[in-house]
Amino acid sequence: MSNIMSNSIPESFKAMHKFSEAYAKRTGTFFCIDTSVTAVVIEGLAKHKDNYGAPLCPCRHYDDKKKEVANTYWNCPCVPMRERKECHCMLFLTQNNEFASNKQKISSSVLLESIKL
């Protein structure tokens, strides 16, 4: 990836990408076989981090996002993920999930191919 492209990636996206890789490795979970799912979820987490100060799960509807952030239940990793390894967003999948890849790392260039930053 060129230095110019790297500099145009928002810091929150870089942080969520780094977090996602570290969390997958730490929990023994894997990214979705469809890399566009991983990219869109990381992008959504980053946008929520920018807008609300926390990586609120981007795959759910909230009547009041600020209230949900304060409750912390759906802040990534959400309670269902921490307690039961259940990721509604399909960002962190257990090995036996039919949509799980064998990847716990994904390059920024692959992510960026799926989204427009």
Side-chain angles (χ1 to χ4, degrees):
M1 177 170 24
S2 74
N3 202 18
I4 294 171
M5 181 185 275
S6 178
N7 289 338
S8 66
I9 302 169
E11 287 303 315
S12 57
F13 185 86
K14 292 178 189 177
M16 289 294 93
H17 178 205
K18 184 176 178 178
F19 156 77
S20 297
E21 289 182 335
Y23 191 79
K25 185 175 182 181
R26 185 166 47 100
T27 60
T29 56
F30 300 88
F31 296 129
C32 185
I33 199 164
D34 181 348
T35 55
S36 67
V37 170
T38 304
V40 169
V41 174
I42 291 173
E43 178 185 34
L45 291 171
K47 285 180 178 180
H48 281 159
K49 188 165 177 59
D50 285 342
N51 294 333
Y52 304 103
L56 184 65
C57 175
C59 301
R60 297 194 166 283
H61 170 75
Y62 309 99
D63 290 330
D64 184 340
K65 289 184 180 182
K66 289 180 182 179
K67 182 178 176 185
E68 291 297 338
V69 165
N71 288 338
T72 72
Y73 188 89
W74 292 114
N75 293 347
C76 189
C78 64
V79 171
M81 181 60 208
R82 291 190 310 256
E83 291 182 352
R84 300 180 300 278
K85 289 191 179 177
E86 294 174 2
C87 182
H88 180 269
C89 297
M90 295 179 56
L91 180 59
F92 305 115
L93 300 170
T94 57
Q95 193 172 29
N96 62 343
N97 187 299
E98 66 181 303
F99 298 106
S101 69
N102 62 352
K103 295 179 172 49
Q104 295 176 317
K105 291 187 92 38
I106 188 168
S107 73
S108 293
S109 59
V110 168
L111 293 173
L112 294 172
E113 286 176 18
S114 299
I115 55 175
K116 307 294 182 237
L117 282 181

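Note that the coordinates shown come from a computational prediction; the quantities given were computed from them, not determined experimentally.
One hydrophobic cluster, built from ILVMFWY side chains closer than 4.5 Å, holds both Tyr23 and Val40.
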Stepwise side-chain contact (heavy atoms from CB on, under 4.5 Å) test for Ile115 and Phe13 = CA-CA 11 Å; Ile115 55 175; Phe13 185 86; 3.5 Å; yes

task = Dump the intermediate steps for side-chain contact (heavy atoms from CB on, under 4.5 Å) on Leu91 and Ser20, then the final yes or no.
result = CA-CA 8 Å; Leu91 180 59; Ser20 297; 3.7 Å; yes

key: Candidate pair Lys85 and Thr27, rule side-chain contact (heavy atoms from CB on, under 4.5 Å), full reasoning   = CA-CA 8 Å; Lys85 289 191 179 177; Thr27 60; 4.2 Å; yes

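Across Leu111 and Ala39, no two heavy atoms sit closer than the pair O-CB, 3.5 Å. When every heavy atom of Ala100 is checked against every heavy atom of Thr94, the shortest pair comes out as CB-O, 3.4 Å. Across Thr29 and Met81, no two heavy atoms sit closer than the pair CG2-CE, 3.8 Å. In terms of heavy-atom proximity, Ser101 sits nearest to Phe30 at O-CB, 3.3 Å.
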For residues 63-70, run the donor-acceptor check on the side chains, cut-off 3.5 Å, and write out each pair with its distance to 0.1 Å, sequence neighbours left out.
from: Asp63; atom 1: OD1; to: His61; atom 2: NE2; distance (Å): 3.2
from: Asp64; atom 1: OD1; to: Lys66; atom 2: N; distance (Å): 3.2
from: Asp64; atom 1: OD1; to: Lys67; atom 2: N; distance (Å): 3.1
from: Lys65; atom 1: NZ; to: His48; atom 2: NE2; distance (Å): 3.2

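Ring geometry for Phe19 versus Phe92: interplanar angle over 60°, hence perpendicular rather than tilted (30 to 60°).
Between atom NZ of residue Lys103 and atom SG of residue Cys32 there is a gap of 11.5 Å, rounded to the nearest 0.5 Å. Once rounded to the nearest 0.5 Å, the distance linking CE of Met90 with CD1 of Ile33 reads 10.0 Å. From Leu112, atom CG reaches atom CD1 of Ile9 across 4.5 Å, with rounding to the nearest 0.5 Å.
Not a single donor-acceptor pair under 3.5 Å links the side chain of Ser36 to the backbone N or O of Ser114. Side-chain atoms of Thr72 never come within 3.5 Å of backbone atoms of Asn75 as a donor-acceptor pair (strictly under, hydrogens ignored). The backbone N or O of Tyr73 lies less than 3.5 Å from no partner atom in the side chain of Asn71, so there is not a single donor-acceptor pair.
When side chains are defined from C-beta on, Met16 counts as touching Pro55, because their heavy atoms get closer than 4.5 Å.
When each of His17, Lys25, Lys18 is paired with Glu21, the side-chain hydrogen bond (donor to acceptor under 3.5 Å, both in side chains) condition holds for His17 and for no other.
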